[in-house]
Peer 1: 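One structure, as structure tokens, below. Some questions next.
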Amino acid sequence: MAKAGITARDKDYSQWYLDIVDQAELSENSGVRGCMVIKPHGYAIWELIRDALDQRIKETGHVNAYFPLLIPKSYLMKEAEHVEGFAPEVAEVTRAGGEELAEPLVIRPTSETIIGATYAKWIRSWRDLPVLINQWANVMRWEMRTRPFLRTAEFLWQEGHTAHATEGEAERETLMILHDVYADVVENVMAVPVYRGLKTERERFAGALRTYSIEAMMQDGKALQAGTSHNLGQNFAHSFEIKYQTADNREEYCWTTSWGVSTRLIGALIMAHSDDDGLVLPPRVAPIQVVVVPIFKTDEERRAVMDAVSQLTADWKGRFRFKIDDRDNLSMGFKANEWEVKGVPIRVEIGPKDLQKGTAAVSRRDRPGREGKAFVEQTGLTEHIASLLDEIQQTLYDRALRFQREHTYDAVDYDDFKQKVEQGFVRVYFDGTGEDEDRIKAETKATVRVLPFEQPKQEGRCFLTGRMTKRLAVFARSY
RNA sequence: CGGGGUGUAGCGCAGUUGGUAGCGCACCGCGUUUGGGACGCGGGGGUCGUAGGUUCGAAUCCUAUCACCCCGACCA
């Protein structure tokens with residue numbers, strides 16, 4: 001039975017997504033087109049994702065800093081490919097202090113340019129390298145069409161910007177971030193499995209040498225780019241004169257990288273796990289992991305139940321993120337519904353009958369309805385919940401992984417491809433050109449999501465050109 | 001930027017041939033309720049998106065304008 005206010009996924013997936021965002025109170029639209037208000041529940045999820053990322057970013061040797069929101073337009077113009085890539089979606093400030101500005105300022109769509117200009121000042125010698133900095137910031141890209149979290153005009157993200165002495169070092173950094181930070185958080189914290197690999201030239205970041213990405217599969221079979229890591233080569237170093245003196249007194253340009261993930265991850269989280277009853281959150285990113293709903297009729301029962309709840313939850317502090325829902329103006333059914341819609345992994349109900357039997361009713365969100373409800377002895381409840389949280393985390397990952405595998409297809413030729421790409425990812429030998437990619441996109445809406453790191457040893461026949469090749473590509477329609 | 005749609009109470013909507021604004025939910029009060037979205041009674045809440053015009057009179061007709069939503073081309 002579908003919940004009030006939530007469109008079924010198989011009826012209208014897109015509307016289902018909007019309904020989840022609305023009903024789970026993750027965000028709402030504001031007076032500015034494309035700019036959303038992130039509500040407390042949505043923001044709390046972001047904080048958990050952010051903390052997991054921040055921890056890993058720091059563990060891998062980076063430090064946080066902050067660069068300005070406004071960037072002189074001339075900075076943006078310095079890297080040719082970069083300007084071209086971002087120009088259409090940049091917002092400019094042309095007036096301030098009651099007068100026209102001599103030089104327009106752009107609201108950062110990303111910060112390579114202003115950070116490049118800064119690094120040029122900071123870096124003198126090989127002893128200054130590497131520079132390993134991250135910033136948490138908001139950025140703005142004036143998109144034509146927006147959707148909460150997936151594509152908003154303003155979004156929150158982190159952007160790492162590093163400078164290195166050698167290409168090899170920059171490349172290692174780029175890949176390390178992709179694997180040890182991004183894929184690790186998305187898979188192990190958000191329970192969303194990803195494909196990892198290289199982007200084709202067509203899909204590469206404007207101004208980068210190489211772009212790597214992780215791609216997650218949504219429940220409608222479409223891909224969501226969940227994170228990108230760019231080896232910028234010496235492109236920005238040349239544009240901004242980021243140079244250093246080597247140990248043997250030569251002048252060299254730095255090799256830089258940049259990498260980012262955004263609040264879009266919340267969109268991935270929603271579309272990977274949630275169901276027709278509402279949001280489903282993996283415990284590690286659930287702001288509330290356990291909600292306790294006391295049930296009582298009389299004052300006497302209320303006292304007894306609340307006493308039991310206090311005792312049972314006494315050792316939960318610092319161990320689980322939990323909430324006791326003791327609102328007395330709402331029925332049990334209403335509360336059950338509300339917490340389900342909001343994705344709380346475990347709900348515990350304790351009423352007079354439980355007090356008599358020494359039990360508690362424990363419901364798990366990943367298995368809706370009666371199937372996921374069990375009566376558990378109050379003795380050992382804490383341990384039960386601890387292991388149940390782990391189990392839910394694992395179940396969600398396994399389920400998403402299975403879905404991803406079941407919806408990744410091979411295709412023998414283009415006709416086969418067209419049919420398969422309607423249903424999910426298609427993994428094929430691909431020897432085509434950029435023009436071929438354009439054509440495929442025009443005809444099927446699918447693009448190369450990644451050239452996976454795991455490339456075949458043996459040659460195969462390109463599904464499009466028929467030529468033999470060793471290059472394997474994953475195609476999909478994407479968000 | 002093209003196509004479509006909507007602006008009336010916090011939210012969702014109704015409003016007939018133009019006659020001075022209503023319903024449901026939510027909210028407030030009181031009482032009864034609580035093991036899967038409780039119920040009764042009483043109550044508060046509106047420049048009808050904005051600006052002009054037609055008219056004795058406009059939510060309703062006309063013009064302009066703004067905003068938002070949805071569908072396509074571009075994108076973290």
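The chains referred to below are lettered A, B, ... by the order of the sequence lines, with proteins before strands, and numbering in each begins at 1.
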Peer 1: C1' atom, B/C11 versus B/G7: distance in rounded Å?
Peer 2: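 It comes out at 14 Å once rounded to the nearest Å.
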
Peer 1: Sort out the partner of B/C68 for me: Watson-Crick or G-U wobble, both distances under 3.5 Å, none otherwise.
Peer 2: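 Result: B/G5.
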
Peer 1: Pair up each side-chain donor or acceptor in residues 108-115 of chain A with any protein partner under 3.5 Å, not counting sequence neighbours, and list the distances.
Peer 2:
residue, atom, partner, partner atom, Å
A/Arg108, NE, A/Asn138, O, 2.6
A/Arg108, NH1, A/Tyr66, OH, 3.4
A/Arg108, NH1, A/Phe67, O, 2.8
A/Arg108, NH1, A/Pro68, O, 3.1
A/Arg108, NH2, A/Tyr66, OH, 2.7
A/Arg108, NH2, A/Asn138, O, 3.2
A/Arg108, NH2, A/Asn138, OD1, 2.7
A/Thr110, OG1, A/Glu112, OE1, 2.5
A/Ser111, OG, A/Gln135, NE2, 3.2
A/Ser111, OG, A/Glu159, OE1, 3.4
A/Ser111, OG, A/Glu159, OE2, 2.7
A/Glu112, OE2, A/Ser258, OG, 2.6

Peer 1: I'd like to check the side-chain contact (heavy atoms from CB on, under 4.5 Å) partners of A/Ser30; sequence neighbours left out, ordered by chain and number.
Peer 2: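 For A/Ser30 the side-chain contact (heavy atoms from CB on, under 4.5 Å) partners, ignoring immediate neighbours, are A/Val32, A/Cys35, A/Val37.
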
Peer 1: Taking the six-membered ring for Trp, is the centroid-to-centroid distance between A/His82 and A/Phe205 below 6.0 Å?
Peer 2: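 Yes, ring centres under 6.0 Å apart.
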
Peer 1: Nearest-Å distance, CZ (A/Phe296) to P (B/U32)?
Peer 2: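 In whole Å, B/U32 P lies 15 Å from A/Phe296 CZ.
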
Peer 1: Please list every donor-acceptor pair under 3.5 Å in which a side-chain atom of residues 186-201 of chain A meets a protein atom from a residue at least two apart or in another chain.
Peer 2:
residue, atom, partner, partner atom, Å
A/Glu187, OE1, A/Arg196, NH2, 3.0
A/Glu187, OE2, A/Val194, N, 3.0
A/Asn188, ND2, A/Asp184, OD1, 2.5
A/Tyr195, OH, A/Thr408, OG1, 2.7
A/Arg196, NH1, A/His179, ND1, 2.8
A/Lys199, NZ, A/Glu215, OE2, 2.7
A/Lys199, NZ, A/Gln225, OE1, 2.9
A/Lys199, NZ, A/Arg449, O, 3.0
A/Thr200, OG1, A/Glu437, OE1, 2.9
A/Thr200, OG1, A/Glu437, OE2, 3.4

Peer 1: Once you round it to whole Å, what is the distance between P of B/U34 and CZ of A/Arg302?
Peer 2: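 One finds 14 Å between P of B/U34 and CZ of A/Arg302, rounded.
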
Peer 1: Across the strands shown, which category fits A/Ser262 at heavy-atom distances under 4.0 angstrom: base, sugar-phosphate, nothing?
Peer 2: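 Base contact.
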
Peer 1: I'd like the P distance from B/G37 over to B/A76, given in whole Å.
Peer 2: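 It comes out at 46 Å once rounded to the nearest Å.
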
Peer 1: Can you list the residues that meet the side-chain contact (heavy atoms from CB on, under 4.5 Å) rule with A/Gln356, with sequence neighbours excluded?
Peer 2: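 None.
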
Peer 1: With sequence neighbours left out, which residue pairs that include part of residues 62-79 of chain A fulfil the salt bridge (charged side-chain N to carboxylate O under 4.0 Å, His left out) condition?
Peer 2: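 Sorted result for residues 62-79 of chain A: A/Lys73-A/Glu92.
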
Peer 1: Indicate, with a heavy-atom threshold strictly under 4.0 Å, whether A/Ala361 touches base, sugar-phosphate, or nothing.
Peer 2: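 It contacts base atoms.
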
Peer 1: Determine the Euclidean distance between corresponding P atoms of B/G45 and B/C39; express it in Å to zero decimal places.
Peer 2: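 These two P atoms come out 26 Å apart once rounded.
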
Peer 1: Take atom P in B/A14 and the same atom in B/G5, then report the distance between them in whole Å.
Peer 2: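 Per the computed distance, 15 Å lies between those P atoms.
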
Peer 1: Strictly below 4.0 Å, heavy-atom distances to any atom of RNA chain B: list the hits from residues 321-331 of chain A, or just say none.
Peer 2: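 Here the set is A/Asp328, A/Leu330, A/Ser331.
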
Peer 1: Enumerate the protein-to-nucleotides 65-71 of chain B contacts in which both atoms are nitrogen or oxygen and the separation is below 3.5 Å.
Peer 2:
residue, atom, partner, partner atom, Å
B/C68, OP1, A/Gly31, O, 3.4
B/C68, OP1, A/Arg33, N, 3.1
B/C69, OP1, A/Asn29, ND2, 3.4
B/C71, OP2, A/Arg145, NH2, 2.3

Peer 1: Not counting sequence neighbours, which residues clear ring-ring contact (aromatic ring centres under 6.0 Å, His included) with A/His407? List them please.
Peer 2: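 Applying ring-ring contact (aromatic ring centres under 6.0 Å, His included) to A/His407 gives A/Phe403.
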
Peer 1: In whole angstroms, how far is the C1' atom of B/C74 from the CZ atom of A/Arg202?
Peer 2: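 After rounding, the reported distance stands at 14 Å.
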
Peer 1: Just jot down the side chain to side chain donor-acceptor pair (under 3.5 Å) partners of A/Tyr17, sequence neighbours excluded, or say none.
Peer 2: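 Here no residue qualifies.
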
Peer 1: Scan every strand shown for a Watson-Crick or G-U wobble partner of B/G35, both distances under 3.5 Å, and answer none if you come up empty.
Peer 2: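 The answer is none; no pair meets the criterion.
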
Peer 1: Report yes or no: does A/Arg439 contribute a side-chain atom to a donor-acceptor pair with the main-chain N or O of A/Glu443 at less than 3.5 Å?
Peer 2: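 Not at all, since once roles are kept as given, no pair shorter than 3.5 Å links the two residues.
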
Peer 1: List in chain and number order the residues that pass side chain to side chain donor-acceptor pair (under 3.5 Å) with A/Glu349, two or more places apart in sequence or in another chain; answer none if no residue qualifies.
Peer 2: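 A/Glu349 satisfies side chain to side chain donor-acceptor pair (under 3.5 Å) with A/Arg347, A/Lys373 once adjacent residues are dropped.
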
Peer 1: Just name whichever nucleotide pairs with B/U16, Watson-Crick or G-U, keeping both distances under 3.5 Å, else none.
Peer 2: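 Partner of B/U16: none.
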
Peer 1: Determine which nucleotide pairs with B/G10, using a 3.5 Å limit on both distances of a Watson-Crick or G-U wobble pair.
Peer 2: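 Across all strands, the one nucleotide that pairs with B/G10 is B/C25.
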
Peer 1: Report yes if some heavy atom in the side chain of A/Val285 is under 4.5 Å from a heavy atom in the side chain of A/Trp46; otherwise report no.
Peer 2: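 SC-SC contact between A/Val285 and A/Trp46 ruled out.
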
Peer 1: Could you check how far CD1 of A/Ile295 sits from C1' of B/G36, rounded to whole Å?
Peer 2: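 Checked: the CD1 to C1' distance equals 9 Å.
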
Peer 1: Check this for me: does the side-chain of A/Arg370 come within 3.5 Å of the base of B/G36 through a donor and an acceptor?
Peer 2: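 Check fails, no donor-acceptor contact within cut-off.
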
Peer 1: Should the side chain of A/Glu340 and the base of B/G37 be counted as holding a donor-acceptor pair, with the cut-off at 3.5 Å?
Peer 2: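 When only heavy-atom distances are counted, A/Glu340 does not reach the base of B/G37 through any donor-acceptor pair under 3.5 Å.
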
Peer 1: If you measure from the ring centre of A/Phe334 to the centre of the six-membered ring in the base of B/A38, is it under 5.5 Å, with the planes under 30° apart?
Peer 2: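 Not stacked: fails the 5.5 Å / 30° test.
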
Peer 1: Remember a base hit wins even if backbone is also touched, and classify A/Gly351 as base, sugar-phosphate or nothing at under 4.0 Å, heavy atoms.
Peer 2: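 Base, at least one base heavy atom under 4.0 Å.
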
Peer 1: Return the nucleotide paired to B/C61: Watson-Crick means purine N1 to pyrimidine N3 with N6-O4 or O6-N4, wobble means G-U with N1-O2 and O6-N3, both under 3.5 Å.
Peer 2: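 In the structure as shown, B/C61 has B/G53 as its Watson-Crick or wobble partner.
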
Peer 1: Contact class for A/Gln225 (heavy atom, under 4.0 Å): base, sugar-phosphate, or nothing?
Peer 2: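 Sugar-phosphate, backbone atoms only, no base.
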
Peer 1: Within the structure shown, what part of the strands sits under 4.0 Å from A/Lys373 by heavy-atom distance: base, sugar-phosphate, or nothing?
Peer 2: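 A/Lys373: base contact, heavy atoms under 4.0 Å.
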
Peer 1: When you measure from every atom of RNA chain B, which of residues 65-78 of chain A have a heavy atom less than 4.0 Å away?
Peer 2: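 Residues of residues 65-78 of chain A that come under 4.0 Å of RNA chain B do not exist, since none gets that close.
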
Peer 1: Measure the distance from NZ on A/Lys199 to C1' on B/A76 and round it to the nearest whole Å.
Peer 2: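 Result: 10 Å.
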
Peer 1: If I pick the P atom on B/G15 and the same atom on B/A51, what distance separates them, to the nearest angstrom?
Peer 2: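 Their P atoms lie roughly 25 Å apart.
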
Peer 1: For B/A76, which nucleotide in any strand shown is its Watson-Crick or wobble partner with both distances under 3.5 Å?
Peer 2: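 Across all strands, not a single nucleotide pairs with B/A76.
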
Peer 1: Which part of the nucleic acid, if any, lies within reach of A/Pro352 when heavy atoms closer than 4.0 Å are counted: base, sugar-phosphate only, or nothing?
Peer 2: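 Base contact.
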
Peer 1: Would you indicate which nucleotide in B/G35, B/C74, B/A76 comes nearest to any side-chain atom of A/Phe375?
Peer 2: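 Closest of the options to the side chain of A/Phe375: B/G35.
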
Peer 1: Would you please name every residue forming a side-chain contact (heavy atoms from CB on, under 4.5 Å) with A/Leu209, sequence neighbours left out?
Peer 2: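 Counting only residues at least two positions away or on another chain, A/Leu209 forms a side-chain contact (heavy atoms from CB on, under 4.5 Å) with A/Glu167, A/Asn231, A/Trp255.
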
Peer 1: May I ask you to test the A/Phe475-A/Ile440 pair for a side-chain heavy-atom distance under 4.5 Å?
Peer 2: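 A/Phe475 reaches A/Ile440 side chain to side chain.
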
Peer 1: Check every atom of B/A76, B/A73, B/G35 against the side chain of A/Lys445 and return the nucleotide holding the closest atom.
Peer 2: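 Of B/A76, B/A73, B/G35, B/A73 is nearest to the side chain of A/Lys445.
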
Peer 1: Give me the distance, rounded to whole Å, that separates B/U20 from B/A58 when you measure between the P atoms they each carry.
Peer 2: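 One P to the other, the span is 12 Å.
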
Peer 1: Could you tell me the Watson-Crick or G-U partner of B/G40, where both distances fall under 3.5 Å? Say none if there is no partner.
Peer 2: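 Base-paired to B/C30.
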
Peer 1: Suppose we call two aromatic rings close when their centres sit under 6.0 Å apart. Are A/Phe453 and A/Tyr212 close by that rule?
Peer 2: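 Close enough - the centres of the two rings lie under 6.0 Å apart.
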
Peer 1: Looking at B/G36, B/G35, B/A76, which one has an atom nearest to any side-chain atom of A/Phe155?
Peer 2: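 Of the options given, the side chain of A/Phe155 lies nearest B/A76.
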
